[in-house]
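Structure first, commentary second.
If you're wondering where the values come from, they're calculated on a predicted model, not measured in any experiment.
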Amino acid sequence: MKVAIVGTGAMGSVYAGRFSKAGHEVWAIDVWQEHLDAIASSGLTVTGPSGRFVVEGIHVGNAPSDAAPCDVWVIATKAAAVDGVAAQIAPLLEPGSVVMALQNGLGAGERVARRIPEAHIVIGIAEGFGSSIPEPGHVHHEGMRLIRIGEMNGGMTDRVQELERLWLEAGFNVRAFADVSVMIWEKFLCNVTLSAPCAVFDVTVGELMADPQAWRIALGCTAEAYQLGLAKGVEFPFDDPLLYVSEFAATIPNASPSMRLDHLAQRHSEIDVINGQVLTLSQELGLDAPYNETLCAIVRRRESRFR
C-alpha cells in the first residue's frame, strides 16, 4: 500500500518508520529539509521501548503532490497547518483514497473537512507515545499506548476495520471505534492535563506528577475539561477523570508533551486547540475554567516573545 505521511515531525516520523518497516511504500512529506535529507541519505532511525531500528527506502518530498497518488494520506502536522495541507491533498484524491486526521485537541476532522469531502476522512487519536526528534533522521518515542481510529460520522465500517488491520500489521497497538466523539474527548482530557502544565513548569510528565502543587494545577485543568465534556453531552466511559489521566500519565514519565518541546525550541504551540479550547468552549456555555485560563495566559505571554 502507498502511504503518505504529511508532517514528519516526532509523531509523523514514528508512523513513517513503522509503515516502511512493514513493507509499504512510504512518502515522508515535510518542509524540514535537513530531516528529509538525513532520511534520504542514511535512513530513518527509530528508537523506543521496542528497541532501535533503521529504515531505508522512505521516499521524501516537500509537498503532497510529490507523492500522489496515494492510498492513505496521514495528516500529522500541527493543527495550524491542517487547512493548507488539506487544500493541497484535495485535488490529488482518488475515489478510494483515505485521509486520516491525527491532531491534538478538538476539531481535527472538521478542519480537514473544510477542504476534503467527509467521505474520505477517518479520525485517528494517538496517545502515550511521548515522541521527540533528538536529531535529524532520528525519532524517539517513550511509549506506544494506543491509536484509536473511527469514521468521522461514526459507525463501524469495513474501511475502519481494514485500517485497523493495516496499523496493527505495522506494529501499532490500535483499535477501531464506532463512536469517534468519545475517543476524541478521552485523549483531549490527557492533552489538557499535560500540555500547558508541562510547558509552563518546564518539566517532563513524571516531574509534573512528582510536584504536588504543579500536579494539583494540572488536575484542575482536567476537572474543567471533564466538566465541559459533560455539559456538551459526552458520555465518558469512566466516572473518575482524575484517576483516568493519572493512570495514563504514569505510563510516560519521561515524555515531554509537544507544547513543552515547542517552547524549548522557541516555537508557537497548539495552545488554542488544547487548553485554549477548554476556556473558549466553557465561556460559550457560561462555565468557569480558571486553571486553564491562567495557564493559557502564561503560555500566550511567553509565546508573544518568540520570533
- Message: For P197, is there any backbone N or O sitting under 3.5 Å from a side-chain donor or acceptor partner on R260?
- Response: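 Such a contact is absent between R260 side chain and P197 backbone.
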
- Task: Could you tell me whether the side chain of D30 and the main chain of T8 form a donor-acceptor pair under 3.5 Å?
- Result: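 Flag set: sc D30 to bb T8 pair under 3.5 Å.
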
- Ring geometry between H35 and W32 (parallel below 30°, tilted from 30 to 60°, perpendicular above 60°):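 If you compare the ring of W32 with that of H35, the planes turn out parallel.
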
List the atom of [X], the atom of [Y], and the distance in Å for their closest heavy-atom pair.
{"X": "M152", "Y": "E110", "value": "CE-N, 3.7 Å"}
{"X": "T204", "Y": "S256", "value": "CG2-OG, 3.9 Å"}
{"X": "H268", "Y": "D262", "value": "O-OD2, 3.8 Å"}
{"X": "I274", "Y": "S195", "value": "CD1-OG, 3.8 Å"}

Check ion pair [X]-[Y] (N to O, under 4.0 angstrom):
{"X": "D211", "Y": "R216", "answer": "no"}
{"X": "R115", "Y": "D83", "answer": "yes"}
{"X": "E127", "Y": "K187", "answer": "no"}

- Query: Do the side-chain N and O atoms of T222 and T193 include a donor-acceptor pair separated by under 3.5 angstrom?
  - Reply: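 Yes, because at least one side-chain N or O of T222 sits under 3.5 Å from a partner of the opposite role on T193.
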
- Message: Side chains of E118 and N153 only: does a donor on one sit below 3.5 Å from an acceptor on the other?
- Response: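 Short answer, yes.
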
Enumerate, atom names and distances included, each donor-acceptor pair closer than 3.5 Å involving a side-chain atom of residues 236-246, sequence neighbours excluded.
from	atom 1	to	atom 2	distance (Å)
D240	OD1	L242	N	3.2
D240	OD1	L243	N	3.0
Y244	OH	R148	NH2	3.2
S246	OG	L242	O	2.6

- Decide whether W73 and V112 are clustered together by the hydrophobic rule: side chain heavy atoms of Ile, Leu, Val, Met, Phe, Trp, Tyr closer than 4.5 Å, transitively.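 Yes, W73 and V112 fall within the same hydrophobic cluster.
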
- Message: Could you check whether any side-chain heavy atom of I89 comes within less than 4.5 Å of a side-chain heavy atom of L93, counting everything from C-beta outward?
- Response: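 The answer is yes; the side chains approach within 4.5 Å.
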
- Item | Side-chain heavy atoms of F19 within contact of W27, under 4.5 Å |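 Contact flag for F19/W27 side chains = no.
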
- Quick one: are the ring centres of W185 and Y226 less than 6.0 Å apart?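 They do not qualify: ring centres at least 6.0 Å apart.
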
- Looking at L163, V160, V3, which hits side chain to side chain contact (heavy atoms under 4.5 Å, CB included) with V98?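 It is L163; the other options fail the test.
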
- Task: Could you tell me whether R300 atom CZ has more than 12 heavy atoms of other residues or ligands within 6.0 Å of it?
- Result: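 Yes.
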
- Message: Strictly by salt bridge (Lys or Arg N to Asp or Glu O under 4.0 Å), give each pair with a member in residues 152-167 just once, sequence neighbours left out.
- Response: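 Residue pairs with at least one partner in residues 152-167: E151-R159, E162-R165, R165-E169.
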
